[in-house]
Number of protein chains: 2
Amino acid sequence: MTAIPVLDRLPPRRKSEPCCASLAAPALSAQKSDLLANRLKAAGDPTRLRMLDLLAQQPEPICVCDLTPQFPQNQPTISHHLKLLRDAGLIETEKRGIWSYYWATDEGKSLLSAVKPFA
Amino acid sequence: MTAIPVLDRLPPRRKSEPCCASLAAPALSAQKSDLLANRLKAAGDPTRLRMLDLLAQQPEPICVCDLTPQFPQNQPTISHHLKLLRDAGLIETEKRGIWSYYWATDEGKSLLSAVKPFA
DNA sequence: CATATACATCGATGATCGTCAATGGGTTCG
DNA sequence: CGAACCCATTGACGATCATCGATGTATATG
């Protein structure tokens, strides 16, 4: 259910009485909303969201060789999405031998769980 | 701070011992992650995020004529972003006379506040 | 009815994005 | 050393996106 618009309690406006109201200031600074928008954009792709969810679900870091077969895309595409998630600070990576391991950061895990109720 | 990878407690892997692990199942269904990704994408643009924030901050619906001057973009662009936020269910609109009023839905408000700590 | 205003829609344009084949760097194994 | 393997990077291509001028649709005013 959505908020009941206060509008219903107001008389219809005439052109002669201007619509202009005083606006409450935004809570987010331009800088903060840029940062936040960036993180939401990183998570705002179905493939990347599923990746983050999968990684957040694991008790241990996961090898790319195990991650890749979970998705229909090819290896370079997987690698590309992992990089975007990493740039946004939602996942982290470490190389061990010939394998690369990925895991969700605390930031990534808590963003995901904050947002899951909206799925 | 990010999670300490369990990796550090494991010996380096050899090629002969395969990396493959059993993966915990993802928590989000494909369908749910599609829906959620869509909402995050709608909020994952700096202009739209600032719009949502501004609207969520107001005690009353806001006229487009008051909203538009808050942003550097032109009127058709503002209208376009408002439509995307509306399609995602984050804001709602109502026309009254010659003016269009917008307000943040409950969904939009709670998504925004769930996500604000990550700004 | 004619004019003016508010704002949604359309069409075009340049930028960004998702995708993949090809390639390269780094590691392991024989 | 040379072959095999993992995976990141590059370059290209089509799709989607943000943006804006032009236009359309209501509504209000005189």
Side-chain angles (χ1 to χ4, degrees), chain A residues 7 11-21 33-34 37-38 40-51 55 61-88 91-103, chain B residues 7 11-21 33-34 37-38 40-51 55 61-88 91-103:
Chain A
L7 214 51
R13 304 232 191 196
R14 305 254 145 205
K15 200 174 179 179
S16 43
E17 38 172 331
C19 62
C20 302
S33 59
D34 278 359
N38 227 39
L40 296 180
K41 190 159 115 183
D45 172 87
T47 300
R48 287 194 295 270
L49 185 61
R50 237 167 283 147
M51 277 180 176
L55 290 176
I62 289 299
C63 179
V64 173
C65 64
D66 290 325
L67 195 64
T68 302
Q70 304 292 321
F71 298 88
Q73 291 92 338
N74 287 14
Q75 179 264 321
T77 304
I78 301 297
S79 194
H80 168 68
H81 285 309
L82 287 172
K83 177 172 168 48
L84 292 187
L85 286 172
R86 189 182 183 287
D87 289 346
I91 66 175
E92 200 43 79
T93 185
E94 184 182 311
K95 189 155 193 180
R96 174 71 58 111
I98 54 173
W99 291 296
S100 281
Y101 289 82
Y102 283 83
W103 64 95
Chain B
L7 215 52
R13 304 233 193 198
R14 304 252 146 207
K15 200 175 180 180
S16 45
E17 41 172 331
C19 61
C20 302
S33 59
D34 279 358
N38 227 38
L40 296 180
K41 190 158 115 181
D45 173 87
T47 299
R48 287 194 296 270
L49 185 60
R50 236 167 285 147
M51 277 179 175
L55 290 177
I62 289 300
C63 179
V64 173
C65 64
D66 291 324
L67 195 64
T68 302
Q70 304 292 321
F71 297 89
Q73 290 92 339
N74 287 15
Q75 179 264 321
T77 304
I78 301 296
S79 194
H80 167 68
H81 285 308
L82 287 172
K83 177 172 169 46
L84 292 187
L85 285 172
R86 189 181 182 288
D87 289 347
I91 67 175
E92 199 44 80
T93 184
E94 184 182 312
K95 189 154 192 180
R96 174 71 59 111
I98 53 173
W99 293 296
S100 281
Y101 288 83
Y102 283 83
W103 64 94

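Per chain, numbering begins at 1; letters A, B, ... match sequence-line order. It should be emphasised that the depicted structure is a prediction, and the values quoted were computed from it without experimental measurement.
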Taking any heavy-atom pair under 4.0 Å as a contact, classify [X]: base, sugar-phosphate, or nothing.
X         : value
Arg48(B)  : sugar-phosphate
Ser79(B)  : base
Tyr102(B) : sugar-phosphate
Leu67(A)  : nothing
Thr77(A)  : base

### Task
Determine yes or no for a side-chain-to-main-chain donor-acceptor pair under 3.5 angstrom, with Arg48(A) supplying the side chain and Ala42(A) the backbone.
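Yes, because the side chain of Arg48(A) sits within donor-acceptor range (under 3.5 Å) of the backbone of Ala42(A).
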### Query
Any donor and acceptor pair, going by atom type alone, linking the side chain of Thr68(B) with main-chain N or O of Val64(B) inside 3.5 Å?
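Present.
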### Query
Considering only heavy atoms and no angle criterion, is a donor-acceptor pair shorter than 3.5 Å present between the side chain of Gln75(B) and the base of dA6(C)?
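Checked by distance alone, the answer is no.
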### Task
State which of dT19(D), dC7(D), dC7(C) makes the closest approach to the side chain of Trp99(B).
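Closest of the options to the side chain of Trp99(B): dC7(C).
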### Query
Between dC6(D), dT19(C), dA18(D), which nucleotide gets closest to the side-chain atoms of His81(A)?
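Of dC6(D), dT19(C), dA18(D), dT19(C) is nearest to the side chain of His81(A).
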### Task
Run the salt-bridge test on Asp45(A) and Arg50(A) with the 4.0 Å N-O cut-off and return the result as yes or no.
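Between Arg50(A) and Asp45(A) there is no salt bridge, as every charged N stays at least 4.0 Å from the carboxylate O atoms.
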### Query
Mind checking what makes side chain to side chain contact (heavy atoms under 4.5 Å, CB included) contact with Cys63(B), not counting sequence neighbours?
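Per chain and number, Cys63(B) pairs via side chain to side chain contact (heavy atoms under 4.5 Å, CB included) with Cys19(A), Cys65(B), Asp66(B), Trp99(B), Tyr101(B).
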